[in-house]
S.K.: 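Encoded as structure tokens, here's the structure I'll be asking about.
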Amino acid sequence: MIMNTVLDSKMERTFDKCRELLEDLQFTAVREWKRAQPGRKAVAYFPVYAPVELIHAAGMLPVGLSGAGDRLDLQYADARFGSFICSIVKTTLEMGMTEHLQPFDGFLFSSICDSARNLCFVMKRNFPQMYIDFIHLPHNPSSPATPPFLAAEYRRILTCLEQLSGHKVSDDDLRNSISLYNRNRALIRELYALRATEPQLVRAWESYLLVRAGNLLPVEEHTKMLEDALQELRTRALKKRDSIRVVVEGSFCEQPPLVLIRMVEEAGCYIVGDDFTLGQTWFETDVPATGDPILELADSYVNRSVYSSVRHDFRKPRWTALVEKVKATRADAVLFLIAKFCEPAYFDYVPYKQELERAGIPHLQLEFEEKLFTFDRVRTEVETFVESLVFD
Amino acid sequence: MSEKTEYRGSIHQSQKDLMLNWYEQLDRAATTGDPPTVSMMISGNCVELLEGFGAVPLYPEVNALQLAIRHQSLDPILAAEDLGYAADNCAYVKADIGCMLKGITPTGGKLPTPTLILCNFVGCNTYLKWFEHTAKLTGAPLYVIDVPFMRTDEPRKEDVEYVVRQLKETVEKLEQLTRRKFDYDRFRQAVDCSRRSEDLWSQIKHLARSTPSPFDAYFDAITLMGPLYVYRAKPEGVEFFETALAELQAKRDAGHGVYEREHYRLVMEGPPPYPYFRTFRDMFAKWQACAVASTYSTVGGLWEFGFRHDPDHPFESVALHMIEQNVTNRNYLQRYEQIRRYVEEWNADGVIIHFVKSCRLFSAGQGDMRDYFTKQLGIPTLYIESDLEDPRYFAEAQTKNRIDAFFEALEHSKATALRGSA
Amino acid sequence: MPLVAGIDCGTSFTKAVVLLQENGTPRVIGKGRARSGVNVDEAANQALQQALNDAVINRSSLEYVSCTGFGRYGVSFRDIQVTEITTAARGAHFANPASTTILDIGGQCTRAIGITETGKVKHFKSNDKCAAGSGMFIQRAAKYLEVPLEQVGDLSLRASHPQPISSVCAVLAESEIINHVSAGVTVEDILRGIHESLADRAGSLLKRVEMKGDLTLIGGVAKQAGIVKAIEDRLKVRVHVPKDCDFVCALGAALLGLKRLASKSTVAAEAS
Amino acid sequence: MRIASGVDVGSTQTKAVMMSDNGGINILARALVDTGANVQRAAERAFDKCCAEAGIQTGDVGFVVGTGYGRYKIAFGNAQMTEISCHAKGAGFLCPSTRTVIDMGGQDSKAISVGANGEVLDFVMNDKCAAGTGRFLANAAEVMGISLDEIGPLSLRGKYPVKLATVCTVFVESDILSYLAQGKKGEDILNGVHLAIAKRTVSLARRINLEPEITMTGGVARNCGMVHALEEVLARKLQISPDAHFMGAVGAALFALEKLDQSFEFGTWKGQHATSGGH
Ligand SMILES: Nc1ncnc2c1ncn2[C@@H]1O[C@H](COP(=O)(O)OP(=O)(O)O)[C@@H](O)[C@H]1O
Ligand SMILES: Nc1ncnc2c1ncn2[C@@H]1O[C@H](COP(=O)(O)OP(=O)(O)O)[C@@H](O)[C@H]1O
Ligand code: SF4
Ligand code: SF4
Ligand code: SF4
């Protein structure tokens, strides 16, 4: 595989920093943030659709946790969650049991799936000193009662967060947080757009690192990082490779190992679209920073959030959205990268597959676990898939 | 096994008759389009609302369950897996979808395409997928009642309002689809019937507090659960539960238990392995172990702790029932508490946790539950794994080994305690 | 007249073919085989040399070498590497253009592949890392039963009351085999039982690739007539075994080599 | 003097133990035979050998409890118990402080969590895949051309354990052969083999609560290489009784003694067990 040898050293440093952040199970960055601002707190959230704006507005640091990869041996969690449960649930609990979650004062879960939900309450029993809460994200977007219900739910959470931080949140605080995150998400959308148009300029694993860093950094800092990176990336002089263009679907929650993402690319794919932690954008467009901010946030989840297997909108099926995404990114194929035992992703594979076949879009299904470390088999499968598309 | 493990009274016959009658109505609906049918989940079902339209509930779970008990679930499961469903998807869904693909019904009768697919989402995210996929397959209209999960100790005012609002939208939807006017009085009467059925059901469950228990609150309770979901809102249902109570009360008063000598009293957590229902039951019968309470018998409603539907607040009480009063929509810690109360108030010796691979709602985290009961409360607890629908996950020898080892230990510690006190 | 080689570096054996294209028709003119062993490069060299000797040509006249199989990246003198799934599809399609489903049973891995009418891979499913259902299992059983590998197929054909193997693990299955032996079951019936359990496992893989029409069976195990019969009986499908069934991947690699060569020369022609 | 016996019919080896209770409980004799294809014969041979060893007549034995996977095939047994209960019971008797038992036998391994009276609190086992069992080690010994007794000591000498790509008992052979061909030392290969199994076993055992005072039982406990590898992975010392291999049989014999003890007549003992023998 031809790797570009003259990589901008500044870019390289940014990627290294991101990788360090993501691999650091001690959450040194979070600890330092707290040390630098005594009295302020950090609240973790389970991968997607968390109302980070609420945490931010309450003056705390929102941190997205996406498992522990292969960096933690399971000692306790296996006995609690047993077979047939995805890894992220177990590694998250394991982090708690091994004191890795110490820097966090709270933890938010939401109604994405049954395993994650039960995890919330198991955590509650095992870590009574932590504020742990569960957000009921609604599954009936068609009722006019839904946005007000979610707004009430957000207000309930906000009251708890205010108690935790000791900071009363005003509407202006919220609007300010919404604007900051809007800007951040807009940059990420820009990054994804760049990948779709000039895939040689930014590899998927690089973009992944940049985006995932946003889970762990204060939004202001991350926005700056993205701004700089976007500027640098555009000036890269890299040649187009002879690769097929694929959209990756199915890794919205548990994350594939970084090496696996690289391997997919090296086997001959440009990943022009993906759902790694839903690209951290969560909304298709900006959340209006006017009016009643809580209601706007709620309305945005109900009416403007990006599709995924853990969000149900019967007005526009996910499978239609996937086909549209393939067309919009001019992808040749879809690669289902599904976390082992992720039931929502398993279920959706069927209608996705049916619709892709109807639209004549080839696809390949792969399974991974975050602790995976040998990739020979996956590699053979991806290579075969690429070969079946390029050789005639 | 010569052990008589099952009580057979007149309630078993009337239960059969009731369920047969239900299947006949479904069959009629399939051929003539009348009565209207609404498919719905057992957990958090709102049959009372259907009464307002003279509509009949269609429970896909009951079909899946029947298939498994009749050892017919593997074929439809495989058919669904051929379509692309994973080995690790809930087999209830696979069996149901497989049936649809192959046109199978467990009773041989016909099943109608429902007038409305009403996804009463309570707790189980898989329901959403299930109904969404069924709607895609059949083209039937779909409406989701989003029921907020019990994330706080009490249901919130907003939760109830939200559900009531959606119930009313369901009424509108059904009025359009059935071209019938919603009969509010009939709805209220249905709610009142439910209240009475529930009261009787609750009394039945409390009979199991006697030693010996007159029935098995896991294996026998399942027989009584069909009428509870299909008929509780009808006078026939009330009548059925009156007979059942009288019969079991008489048995209790005569001091008759499930076994000649009831050696162990258990609380069961998790659904049973339907494909091996009999075999599984015998594994406990061998030890004369009787279930005095079970969480599975509360998937459709949790009435033994006092909740009743309320004809004075019909919509609100239906909403409350959906939110708060079924085990699937209650959080894990509430389930721990429920089991703890069973152990104490129903005077049990141990807890059996049956991990079913299909159902994350029930099973994800049951290891923590075991930890809580053994470590925190010091209650003997057995953890076994299989499945409620997929026969491939039942390892008979291993399960038997575990159960035997559990009772061997229980017997041993009982004996030691006895010797100590002598 | 382009001359190319295809080398399949399998887990048990390394197989090489030399292919000559005359008037647009490719033809195998030499074959070679070597034990894979530890050194992939060495085994590939050996197999290739054998094939060249077989074809009576010089190494220097080869224009292109494509490699496949699990050791494909280990061959230093390759021009291109392609996965064994792609090459199995190409080779099987060449051998039997009418069939769109392929089953490859090798030493450590069993694969089902669904292909298009032109020989492109559409779906595939493999089971590896577990010996149950692989050629290695048969090799060991043969050793136990003291039957030469070459005779396994014929013996199994002669079974009258096949004894099913219920264990899903090759090792535990061996205990079952011992029990059968001591219960007086014939070697023929045991071998057929093994072939049937292999056939059943293959069946579940084949379902995943939407099997249609006849099946092309390739890989070393295809040499055993008993497995062919077992698959036909159990899965109710007609099985076609190409001549030189274990060289199919090597052939497929060589065919793809020809293609690359052709496209390179057109590029060269356009450039000049 | 009351005499009772326990017979553990394992998949690989059959163990019999004779015990007496004379105020104090003593082991009178032990016997070990290969199970082979005829399970019933193996049980008889082990039992007879054990009687001979103890110098008693079969008629002197008051009660026989059978255990192990072939327990229902023991024609002369008075009762059967699961090997899980027996290993726990035996370990509780010989190593009273034990709270966890790791049993590695010929074709399966299990981990048992044990209470203060030697009762089973919880257990896990692998019995569908032979990866990481005694059989695996026996295969490895065969491929290396050495005896079972030698692999342990040899593996202890390894300093640079190799990494195995697979723990499948069948494929491990080719792995070992290729390492041998690469000129790796036998001790390093074996060291790697033992470590790989130890990791697998520990990850299985972690499904129960691995509490300190871990006792290892089963035939593989005789393999010092495996003991060492387990200790390394667990970062903890293991208790190994000299009777580790006989632990199941010891437990069964203890149960048999208790059944002899009339004052211990309780509950379902007789009715249940005597009739369930026909399964
Ligand atoms: N002459 C033969 N007769 C019967 N079976 C054979 C013969 N040669 C090889 N086999 C079978 O084929 C298997 C090897 O198949 P092969 O396709 O060469 O595997 P790989 O490509 O993985 O090296 C062996 O395990 C054995 O079971
Ligand atoms: N002397 C020995 N040294 C090392 N390992 C031994 C020895 N004797 C037996 N073993 C190991 O013990 C295994 C048999 O253990 P055992 O507990 O008897 O199994 P089972 O109860 O399943 O028959 C053998 O597979 C072997 O690996
Ligand atoms: S990976 Fe899938 S199953 Fe696991 S927590 Fe996330 S959404 Fe749930
Ligand atoms: S996951 Fe459980 S509750 Fe949900 S449909 Fe399946 S069996 Fe029912
Ligand atoms: S089941 Fe048997 S053959 Fe398969 S990996 Fe395990 S030991 Fe190997």
Side-chain angles (χ1 to χ4, degrees), chain C residues 9-14 34-43 70-71 74 106-110 127-145 163 165-185 190 194 198 201 220, chain D residues 9-14 34-42 68-70 73 104-109 125-143 162 164-184 189 196-197 200:
Chain C
C9 311
T11 50
S12 306
F13 296 100
T14 299
R35 278 212 163 270
S36 291
V38 225
N39 190 331
V40 175
D41 220 14
E42 202 180 291
F70 103 107
Q108 296 205 357
C109 178
T110 301
N127 100 17
D128 34 37
K129 294 272 172 272
C130 173
S134 75
M136 186 72 91
F137 176 35
I138 300 184
Q139 253 170 290
R140 288 174 55 109
K143 209 168 105 194
Y144 253 168
L145 297 168
Q163 270 305 312
I165 306 283
S166 65
S167 191
V168 292
C169 168
V171 180
L172 303 182
E174 279 171 19
S175 321
E176 257 187 271
I177 294 174
I178 298 174
N179 284 346
H180 285 332
V181 172
S182 64
V185 180
I190 296 175
I194 297 173
L198 240 73
R201 288 176 161 266
Chain D
V9 188
S11 60
T12 314
Q13 289 172 316
T14 297
D34 282 340
T35 303
N38 191 332
V39 177
Q40 191 172 333
R41 271 289 298 141
Y69 103 112
K73 295 231 173 96
M104 291 181 74
Q107 291 191 355
D108 58 20
S109 12
M125 63 193 289
N126 85 321
D127 55 2
K128 288 234 174 74
C129 170
T133 61
R135 181 61 172 280
F136 187 99
L137 289 162
N139 271 16
E142 202 185 310
V143 180
V162 299
L164 290 187
T166 162
V167 282
C168 173
T169 311
V170 178
F171 293 154
V172 76
E173 283 179 20
S174 48
D175 259 30
I176 293 180
L177 285 174
S178 70
Y179 276 126
L180 283 173
Q182 285 170 29
K184 294 264 189 227
I189 298 176
I197 301 181
R200 203 182 146 91

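Treat the numbers as computed from the prediction; the structure is a model and nothing was measured. Computation of the quantities below employed the complete heavy-atom set of this structure, encompassing side-chain atoms and omitting hydrogens, waters and symmetry-equivalent molecules. Residue numbering restarts at 1 for every chain, and letters A, B, ... go by the order of the sequence lines.
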S.K.: What are the two closest heavy atoms between Ala130(D) and Cys169(C), and how far apart are they?
M.R.: N-SG, 3.5 Å
S.K.: Heavy-atom distance under 4.5 Å to chain C: side chain of Ser174(D), backbone, both or neither?
M.R.: side chain
S.K.: So which part of Ser167(C) gets closer than 4.5 Å to some heavy atom of chain D, the side chain, the backbone, both or neither?
M.R.: neither
S.K.: Taking every heavy-atom pair that is under 4.5 Å apart, which of Ile178(C), Leu172(C), Thr11(C) has the most such pairs with chain D?
M.R.: Leu172(C)
S.K.: Around Gln182(D), counting heavy atoms of other residues, nucleotides and ligands shown, do more than 12 lie under 6.0 Å from its CD?
M.R.: yes
S.K.: Which bit of Asn139(D) is near chain C, if near means a heavy-atom gap under 4.5 Å: side chain, backbone, both or neither?
M.R.: side chain
S.K.: Evaluate Cys130(C) against Phe171(D) for side chain to side chain contact (heavy atoms under 4.5 Å, CB included), listing each step before the verdict.
M.R.: CA-CA 8 Å; Cys130(C) 173; Phe171(D) 293 154; 5.7 Å; no
S.K.: Highest number of heavy-atom pairs under 4.5 Å with chain C: which of Thr169(D), Val170(D), Leu177(D)?
M.R.: Val170(D)
S.K.: For Glu174(C), check side-chain hydrogen bond (donor to acceptor under 3.5 Å, both in side chains) against everything at least two apart and list the hits.
M.R.: Arg140(C), Arg135(D)
